[in-house]
Protein chains: 2
Amino acid sequence: MVDIATRVWNHKWKIDPIVRSLIDTDFYKLLMCQSVFRNRPDTRVTFSLINRTKSIRLAELVDEGELREQLDHIRSLRLTRGESTWLRGNTFYGKRQMFTPAFMEWFENLSLPPYHLEKKDGQYELTFEGTWPEVMLWEIPALAVIMELRSRAVLRDMGKFELQVLYARAMTKLWEKVEALKPVEGLRLADFGTRRRHSYLWQDWCVQAMMEGLGESFIGTSNCRIAMHRDIEAIGTNAHELPMVYAALAEGDEALRQAPYDVLADWHEEHDGNLRIILPDTYGTKGFLEGAPDWLAGWTGIRVDSGDPAVGAETAINWWKSRGEDPSEKLIIFSDGLDVEKIKELHGQFSDRVRVSFGWGTMLTNDFKGLVAKDALVPFSLVCKAVAADGRPTVKLSDNPNKAMGPAEEIARYKRVFDVGDQTAMKVTV
Amino acid sequence: MVDIATRVWNHKWKIDPIVRSLIDTDFYKLLMCQSVFRNRPDTRVTFSLINRTKSIRLAELVDEGELREQLDHIRSLRLTRGESTWLRGNTFYGKRQMFTPAFMEWFENLSLPPYHLEKKDGQYELTFEGTWPEVMLWEIPALAVIMELRSRAVLRDMGKFELQVLYARAMTKLWEKVEALKPVEGLRLADFGTRRRHSYLWQDWCVQAMMEGLGESFIGTSNCRIAMHRDIEAIGTNAHELPMVYAALAEGDEALRQAPYDVLADWHEEHDGNLRIILPDTYGTKGFLEGAPDWLAGWTGIRVDSGDPAVGAETAINWWKSRGEDPSEKLIIFSDGLDVEKIKELHGQFSDRVRVSFGWGTMLTNDFKGLVAKDALVPFSLVCKAVAADGRPTVKLSDNPNKAMGPAEEIARYKRVFDVGDQTAMKVTV
């Protein structure tokens, strides 16, 4: 039987909204947002969407009107009562009331600020300006909207069964990954694929397939809405935007050198246990760790997000040893450019020396490579980053010079201040 | 939204019926049934289910209670008003009123006769006795029930996503076949896969995928219910059971030799055009054609259903030539052991010399080989055949000695009467 009401209801939508909830975002965004709301609520920032894969000409693929409708729809969203209840009442990382009443009250009244959209050279220039806590919440939904509109554009002319077979192939491909990972003893793996997912429904499917296929080895998802709906752990800690904005705001070189530690000092006050994860690569991992205060060595773990991951992990292990810490009690989270072979390789290499876990992104939730004609769904590298704070440009270096962002003279200054020597360039695919 | 009524309704079923309609059967069964109803309505026959793949121990896989419930459900079925309307009103092979009012009235009042079921040596002995027109309609539903119960038994312990991935893999596999056949110019292909299908829903999916993927090259299905629901052609003409029963009823060797021609003489009166298809292999193609009356050479085509298909096709072409017929106006239907490579090969070999079409069975609707652990869904060879008529055993020889059926002394007699010389044995997989 057709459910008539459902069908009529579906017809009433002017669009098929991609992002339908303010918590269809990464958990670490909300954690960072609360930290920013507490520590830097009035900082004004600009976030900008950047397609690093110039060969994908987004403005030719994706209709501007459709993009505006999707973005306008996101601006109309408010935190629902059930979402608020979940954020207030749920246990995150073993802790009740992770989000303070003051933050929740602010979040309950939030609507996302305006966006600015232009076409240029076959690409979209999409920027968001306003106070940091508001603007930062645009990052994930903006990326998810562009990614899914691109998927829809590519799939538009396909037949019904052709589409079903496409998803059948994608399911088969994912399940083969699940089957390859199932025998890996002691594996701990989370979904970090919200920002570059093929679509919301596909991410939700991937998460459920991992729940069934990997059981205990699948430890949760970064996506709050999916975590809530599927009753699993929401996973994530912090990201580059914190040191990038703190650094941009720093007055002079000495303050700049201190900025990344200031971020973690604030975080240290707010969080403990498994939320104390260092992301050391914003301005070069090596220099960051060498200059780090001793209290940071007491933190639970390090997230390796750029450069050669095995080198990053060895650097972390050696650093803990040099500070008198026992690496076997520490956690290394790998979250850059992962797929099955890399996960198995890193797990084999490090799991008997440190605790290891994986945040699996694009190749989990958007691996449609080879599944459509002309490989039109091949993953590409789209980011949405803070580019300015209180009128000053931000800079990111990372452990891969191909991921560096910011004005050339500022990059040069940061390299000098943070004493970043030679870096090995690695290809950025996603 | 959940449709509550649908959910509650689904709960009310004691079983999930496999065969839900008396026209969930092959079209040629109905054509033959009408012919039998007209010419031999009182002949008493026994049909028997035979699993030629002894390694598949059906009685250990399939629960007897479940099997009885499914068979009892089939006995409870009556032709519905809509089905009757379709059979009475539809155009089959370009002809209106294919089914006579007398036949339709009989069919509208039909319920299938009792069955007899026993377990023996890990197999089911399933037999049907009664008048020919009634009993013959058991063949297809009985096969479909056993095939699908076997599928269900194998899938019983699989997880929800594991199942979804299994069907994703099956869809992908089928679609690859569709894509491989799409470029074949002038291809004409029908679904003949009802009897050995994985399940009803899967056959229905395969048909729809072929409709979308092959367009005009997909000419229809043997399954009446699917033809009706999907608004496509119902395809089929006649089968071995006609000569087998006619032969069993023949008094003496001379009448036996004539029996296969008597069948087609009756058919000649009833049908013309594309329904005049000779199935010559019941007692050896070569002898059948050599002894055939001239009016048979005027028929539209020949179906090649056993032996090496290329040899069968050459035999047919040479026979037409020897009778002064133009092979390029004739139709050869291949319907035995087909898969993509064989279809492409035969099409390439014969389509510029005769009209060619394909009736694709098991490897279309039940190719789950390699898709589950221990290959537990590998196709197997299940048949349901007339084994006796008015108390006498039936015999089938075909062009493959591995497909011969009947008591040894009767097989020997038939070989003598029909002058069947040496035959090449070919492996029977499905």
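Just so it is clear, the model here is predicted, and its values are computed rather than measured. Throughout, a chain's letter reflects where its sequence line sits, starting with A, and its residues are numbered from 1.
Note that CD of A:Q164 is 5.5 Å distant from CH2 of B:W205, once rounded to the nearest 0.5 Å. Atom CE of A:M211 and atom CZ of B:F161 lie 8.5 Å apart (nearest 0.5 Å). Atom CG of A:L163 sits about 8.0 Å away from atom CD of B:E212, to the nearest 0.5 Å.
Around NZ of A:K182, the count of heavy atoms belonging to other residues, nucleotides or ligands within 6.0 Å exceeds 12. Annotation for B:D231: atom CG does not count as buried by contact number, only 12 or fewer foreign heavy atoms lying within 6.0 Å. Summarising the local packing, CZ of A:R150 is surrounded by more than 12 heavy atoms from other residues, nucleotides or ligands at distances under 6.0 Å. Within 6.0 Å of the CZ atom in A:R225, the count of heavy atoms belonging to other residues, nucleotides or ligands exceeds 12.
Of all non-hydrogen atoms in A:T172 and B:T172, the two that sit nearest each other are OG1-OG1, 4.1 Å.
In this structure, the portion of B:E179 lying under 4.5 Å from any heavy atom of chain A is its side chain and not its backbone. Heavy atoms of B:Q208 lying under 4.5 Å from chain A belong to its backbone as well as its side chain.
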